[in-house]
Amino acid sequence: MERGAMHIKWEWVLIPPLLLSFGLLVASQFVFLRGSFFADLGVGRLGNTFSLGNYQRIFSDGFYLSSLWLTVKLSAITTASTLIIGFPVAYILARMRSKVSLYLLATITAASFVTIVIKLLGLNIIFSSSSQLNAVLIGIGLVSEPITILGKTEGVTIGLMYFTLAFFVILLYGVVLSIPRALEEASQILGASRLRTYWRVVVPLALPGLVGSSLIVFNLCLGAFTSAVLLGAGKVLTLPVLIQRTVLLDTKYGMGGALSVVLLVAGLLINLVSLYAVTRLKASRGMTA
Amino acid sequence: MRWLTEKNIERALAVLWMLLFLVFLLGPLVVVVGASFGSGQRGMIDFPPREFTLQWYFAIAPMHLRAVGTSLLLASCSVVLAVLVGVPAAMGLVRSRFARKGVVAAMLRAPVQLPAVIVGVAFLQFYYVIGDLSGFYLTGSWYGMLIAHVFVTTPYVVSSVTAVLQRFNHQFEEAALILGASPWSTIRRVTLPVLAPGVLSGATYAFLVSFSDLPISLFLASEEVKTFPVVLFQSMDYDFNPSLLAVATLIIVGSFTLMLVFQKVMGMGTLLRSNK
């Protein structure tokens, strides 16, 4: 028998699952996205002449444009805040020498998988008008009336943070693990302080991984629906919320499809631009180094 | 003050940061668990509870338990199908030789890159079209949800099995073949046992993703077939029943138990490595 001769044509093993997966992707997306090029006639029916009317409306109506901007802005703020909170946590976990870190990781992983609806329920209780937190804050005179997170962009941002934080820490943990500990030790032996080592060794080495994980989290936020709809309470209309309303409440499938295309394309463009910027940054560093 | 060294300050800051993070992360879950033992009236929830009572646990509505059952069954069936589709996909992807493998890998990953709302809306309309053509409507049915859930969970199995396969040394298989094992028994007795941790972590991800999904199920659910997140979502929007706190607590405890068991049996490393 010749070397490595497992007589299996792996291409043939790949084809059925690929066809199934790709078939479902194309079939479902095709119907939906095709609809975006036809006018809505009401009660879910679509016109039968090709038109760009839905797209024209999105790009001429301030309502849709401000929703797009809001979605991008909230996603960026959330990604930045979770990165600032999460990176030190991931760093501490990765450099911890005791077994406690594994149990902490198990806890964080479990927390990331409890459905966001339950976390939002807890947040709602914490910030309800009769909650202990509000009673204490009013008691010490920090605020004059109960803080609420409903119907506010700040509230939605907090909700989005709960959607991504635990998952982000797990991604960042992998990034820090890939940086050899010896490099940090070398830097400290050569006399750099811990903080200086952190800024001049750890962060630069982690940068590609940081950008990659941040983009994953940014994409999650762009498409995040539950936090925005439950905490936004009909006042914070991000694109995913608008898509759901357009389709379920107004039964305008054409417009819903067009909004989805805009969300997908906007996400794709932002990702491409960021990746391009990082490649340029790396290239320019490589030359000066 | 000799104990006030740089190292101790660093350590204290690390512990403090970690504690604040855990309070922030787990706060809402702790509140839900705590409030489930409280005696707050309908619509009023008290935390911390003034008295300890199990009344909401006895008041769990059969409809809510049915929703949890639907979620569990849906997640379990999704996992089985995702493994059946995902393992051959990963093996085929890693072992076949052709140009543009990256494109195929990206195609297999596409379902998790799409926002869940878009997946939900797209499947809803896809089912309408199929229904109009065949008279068989998948909207609002359990099978309709299952197909969509398999669609989004398969990539998790593919990526975790791919991660294991890429590290797997082909020489073990070659050795088995040279020693006279048939290809089938080589796969069964050499390849599959090596893949097991990858399959298990992919399956765990797939299960939890399916079990916690809201947006996809929301579009495809009906009054008869609802998952627990959908029930909770709808009741938060309209009329909140505190017995849902008790059900939520059971789910929180279940998720943490599952993870701790996983950590004990397989080690977190297996799960995290495959999450690339």
Side-chain angles (χ1 to χ4, degrees), chain A residues 1 3-8 10-11 13-14 17-18 20-22 24-25 27-29 31-32 35 85 88-89 92 102-103 105-106 108-111 113-119 121-123 125-126 132 162 165-166 170 173-174 194 219 222-223 225-226 230 240 243-244 247 253 256 260 263, chain B residues 10 14 17-18 21 25-29 31-32 35 45 47-48 85 88-89 91-93 95-96 98 104 107-108 110-111 113 115-118 121-123 125-126 129 151 154 170 173-174 177-178 183 186 208 212 214-215 229 232-233 236 248 251-252 255-256 259-260 263 268 271-272 275:
Chain A
M1 194 169 252
R3 211 178 134 268
M6 191 107 103
H7 290 293
I8 293 178
W10 289 107
E11 290 80 5
V13 177
L14 177 61
L18 187 64
L20 185 70
S21 205
F22 195 60
L24 279 177
L25 176 74
S28 63
Q29 295 298 316
V31 173
F32 184 41
I85 298 176
V89 173
I92 297 168
L102 291 176
Y103 288 93
L105 273 171
I108 295 169
T109 313
F113 279 122
V114 172
T115 176
I116 179 72
V117 193
I118 293 181
K119 293 177 198 159
L121 172 63
L123 273 181
I125 299 174
I126 294 175
Q132 293 294 316
Y162 275 98
L165 184 57
I170 295 165
Y173 173 77
R194 187 73 172 228
N219 292 342
L222 273 187
F225 164 74
T226 317
L230 274 178
I243 291 169
Q244 182 243 7
V247 170
Y253 296 142
S260 304
L263 179 61
Chain B
E10 265 169 24
W17 191 269
M18 190 58 96
F21 166 76
L25 184 73
L26 304 177
L29 301 181
V31 167
V32 168
I45 295 159
F47 182 87
V85 179
M91 293 184 77
L93 183 65
R95 302 209 155 161
S96 56
F98 56 90
V104 174
M107 267 155 53
L108 286 168
Q113 313 281 14
V117 184
I118 295 184
V121 181
F123 268 91
Q125 296 199 41
F126 176 47
V129 170
F151 177 70
T154 302
H170 284 262
E173 286 172 332
E174 283 161 26
L177 288 168
I178 289 167
T186 303
L208 292 166
S212 60
L214 174 78
L232 187 60
F233 174 82
M236 276 173 76
I251 287 173
I252 293 171
S255 309
F256 277 81
M259 245 349 124
L260 289 176
Q263 145 70 8
M268 283 315 282
L271 196 65
L272 299 174
N275 181 32

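Order of the sequence lines sets the chain letters (A, B, ...), proteins ahead of strands, with each chain counted from 1.
- Side-chain contact between Q29(A) and I118(B): present, with at least one pair of heavy atoms (C-beta onward) separated by less than 4.5 Å.
- Of the inter-residue distances, the one linking L108(B) atom CG with F22(A) atom CZ reads 10.0 Å to the nearest 0.5 angstrom.
- A side-chain donor-acceptor contact under 3.5 Å links T115(A) to the backbone of S212(B).
- If you measure heavy-atom distances from L222(A) to chain B, you find no contacts under 4.5 Å at all.
- Chain B forms more heavy-atom pairs under 4.5 Å with one residue of P240(A), G256(A), S260(A) than with any other, namely S260(A).
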Inset, instruction - Any chance you could lay out the side-chain contact (heavy atoms from CB on, under 4.5 Å) test for M18(B) and V89(A), step after step, and finish with the verdict? - result: CA-CA 6 Å; M18(B) 190 58 96; V89(A) 173; 3.9 Å; yes
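- For the side-chain contact (heavy atoms from CB on, under 4.5 Å) criterion with V114(A), the lone passing option out of I252(B), L26(B), V32(B) is I252(B).
- Between atom CZ of residue F21(B) and atom CG of residue L165(A) there is a gap of 4.5 Å, rounded to the nearest 0.5 Å.
- To the nearest 0.5 angstrom, F256(B) atom CZ is 9.5 Å from T109(A) atom OG1.
- Interface remark: L20(A) contributes side-chain atoms only to the contact with chain B (heavy atom separation under 4.5 Å).
- Rounding to the nearest 0.5 angstrom, the gap separating the CG atom in L260(B) from the CG atom in L102(A) is 11.5 Å.
- The distance from atom CG of L230(A) to atom CG of L214(B), rounded to the nearest 0.5 Å, is 7.5 Å.
- The residue among G122(A), P17(A), G223(A), S28(A) with the most heavy atom pairs within less than 4.5 Å of chain B is S28(A).
- Atom CG of L232(B) sits about 5.5 Å away from atom CG of L121(A), to the nearest 0.5 Å.
- Heavy-atom pairs under 4.5 Å with chain B were tallied for L18(A), I116(A), I243(A); the largest tally goes to L18(A).
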